[in-house]
Amino acid sequence: MFDSHTHIQYGGWRDFEDAAVAGVEGVIACTVGLGASSMHSYYDEINRILNTYRNVARQNGIELYAAVGIHFLNIPPDWRGGIGRLEEYLDMREVVAVGEVGIDKGTETEVEVFTEVLKLAKRKDKPVIMHTPYENRVSIVRKELEVIEKVGISPSLVIVDHFGPDIYELVPRDFNVGLTVRFRRLTPEDVYKLLTEHGELVDRAMLNSDVINTGPSDPLSVPKTAKHLRARGLPREVIEKVSGSNARRVYRV
């Protein structure tokens with residue numbers, strides 16, 4: 001199994017150990033930049049992911065990959081000057097995506113940052129993990145899709161994360177989607193209903209926990225959801241796609 005969107009660098013040893021025991025073999029750790037006053041906070045976080053936390057993951061039999069970006073909640077004043085440094089990180093084998101990025105409130109600064117990191121992903125031919133918010137989801141996702149079209153990045157490189165039935169009709173079928181199982185997002189039963197009611201999602205959906213220590217989340221979300229899907233009778237090949245192989249294909253790992 002592969003957890004396609006985490007902030008597990010804000011967790012601890014037990015999170016890695018529990019996930020490994022439950023069958024998770026790979027994770028994506030997305031930068032957050034909590035409390036970032038400058039881009040140096042992001043560089044420090046990326047270095048911790050690539051060194052300390054990759055080592056912790058490997059000690060538990062998990063391969064950890066990084067996604068780097070400028071998080072919408074933590075945009076430092078010197079963000080423009082940091083794009084070039086992020087581009088250097090994206091040349092590293094262990095850095096496989098841009099993320100987590102996107103628009104949350106719809107501010108001008110959020111739109112500017114999202115535009116520039118999309119341009120970066122397009123230049124580097126890297127997947128983008130795109131946030132969708134809790135509030136005003138339809139209007140914000142529309143805005144994000146407009147920015148994507150303007151930048152001209154291929155939809156096949158974009159993962160519309162925290163996807164749900166409320167934006168199903170809004171998101172074109174050539175985008176990938178992230179199914180986040182945690183408080184205020186999806187339940188395992190919600191995932192089952194999405195996959196059975198919209199069968200075409202099976203080839204473009206990927207499960208994730210969005211685990212972080214600043215809110216209710218569970219590093220076992222992916223294996224627990226896979227268990228639920230098995231109990232509900234979904235075929236093995238369907239479960240394998242959404243809990244692992246789709247993410248590995250998109251992230252090229």
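Quick caveat, the model's predicted, so the values are computed rather than measured.
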ILVMFWY network linking [X] to [Y], side-chain heavy atoms under 4.5 angstrom:
X      : Y      : result
Ile129 : Met92  : no
Val98  : Tyr251 : no
Ile46  : Tyr65  : no
Val250 : Leu207 : no
Val101 : Leu157 : yes

Contact between [X] and [Y] at the side-chain level, heavy atoms closer than 4.5 Å - yes or no?
X      : Y      : result
Phe72  : Lys105 : no
Ile83  : Val117 : yes
Tyr53  : Val27  : no
Phe163 : Leu179 : yes
Arg252 : Asp125 : yes
Thr187 : Val181 : no
Ser209 : Asp3   : yes
Trp13  : Gln59  : yes

How close do [X] and [Y] get, counting heavy atoms only, and between which atoms?
X      : Y      : value
Asp166 : Val138 : O-CG2, 4.1 Å
Leu186 : Gly164 : CD2-CA, 4.4 Å
Leu229 : Pro188 : CD2-O, 4.4 Å
Phe2   : Ala247 : CD2-CB, 3.7 Å
Ala67  : Ile28  : CB-CG2, 3.8 Å
Met206 : Asn246 : CE-O, 4.2 Å

Give a yes or no answer on whether the side chain of [X] reaches the backbone of [Y] with a donor-acceptor pair at less than 3.5 Å.
X      : Y      : result
Glu144 : Ile103 : yes
Gln9   : Cys30  : yes
Asp218 : Leu220 : yes
Tyr89  : Ala66  : no
Asn51  : Asn47  : yes
Glu45  : Thr31  : no
Arg137 : Pro133 : yes
Arg54  : Leu64  : yes
Tyr42  : Val32  : yes
Asn213 : Tyr10  : yes

- Query: When you check the side-chain N and O atoms of Glu110 and His131, is any donor under 3.5 Å from an acceptor?
  - Reply: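 Looking only at side-chain atoms, His131 and Glu110 do not form any donor-acceptor pair under 3.5 Å.
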With rounding to the nearest 0.5 angstrom, report the [atom1] to [atom2] distance, [X] to [Y].
X      : Y      : atom1 : atom2 : result
Asp210 : Phe183 : CG    : CZ    : 13.5 Å
Glu112 : Ile75  : CD    : CD1   : 9.0 Å
Arg80  : Met39  : CZ    : CE    : 12.5 Å
Met130 : Ile153 : CE    : CD1   : 11.0 Å
Leu170 : Phe175 : CG    : CZ    : 9.5 Å
Ile167 : Arg142 : CD1   : CZ    : 11.0 Å

Is atom [atom1] of [X] surrounded by more than 12 heavy atoms (other residues, nucleotides or ligands) closer than 6.0 Å?
X      : atom1 : result
Lys227 : NZ    : no
Glu200 : CD    : yes
Tyr168 : OH    : yes

- Out of Thr225, Asp161, Thr6, which residue meets the side chain to side chain contact (heavy atoms under 4.5 Å, CB included) rule with Asn208?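 Between Asn208 and the candidates, side chain to side chain contact (heavy atoms under 4.5 Å, CB included) is satisfied uniquely by Asp161.
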- Passes side chain to side chain contact (heavy atoms under 4.5 Å, CB included), Ile239 versus Arg236? Steps please. CA-CA 5 Å; Ile239 299 170; Arg236 177 188 294 270; 5.8 Å; no
Salt-bridged, [X] to [Y], with N to O below 4.0 Å?
X      : Y      : answer
Asp91  : Lys126 : no
Glu63  : Arg58  : yes
Lys119 : Glu116 : yes
Glu189 : Arg232 : yes
Arg204 : Asp174 : no

- Query: Quick one: are the ring centres of Tyr43 and His40 less than 6.0 Å apart?
  - Reply: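 So the answer is yes for these two rings.
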- Ile140 vs Thr132, side chain to side chain contact (heavy atoms under 4.5 Å, CB included): CA-CA, chis, key distance, verdict: CA-CA 7 Å; Ile140 294 294; Thr132 59; over 6 Å; no
- Item | Ser156 and Ser154: CA distance, side-chain angles, deciding distance, side chain to side chain donor-acceptor pair (under 3.5 Å) verdict | CA-CA 5 Å; Ser156 65; Ser154 171; 2.7 Å; yes
- Task: Just do the salt bridge (charged side-chain N to carboxylate O under 4.0 Å, His left out) check on Arg184 and Glu135 with the steps written out, would you?
- Result: CA-CA 11 Å; Arg184 293 186 68 191; Glu135 308 295 339; 3.4 Å; yes
- Walk me through it: do Val128 and Ile159 pass the test side chain to side chain contact (heavy atoms under 4.5 Å, CB included)? CA-CA 6 Å; Val128 179; Ile159 301 105; 6.0 Å; no
- Item | Verdict with supporting geometry, Asn176 and Val160, side chain to side chain contact (heavy atoms under 4.5 Å, CB included) | CA-CA 6 Å; Asn176 300 291; Val160 179; over 6 Å; no
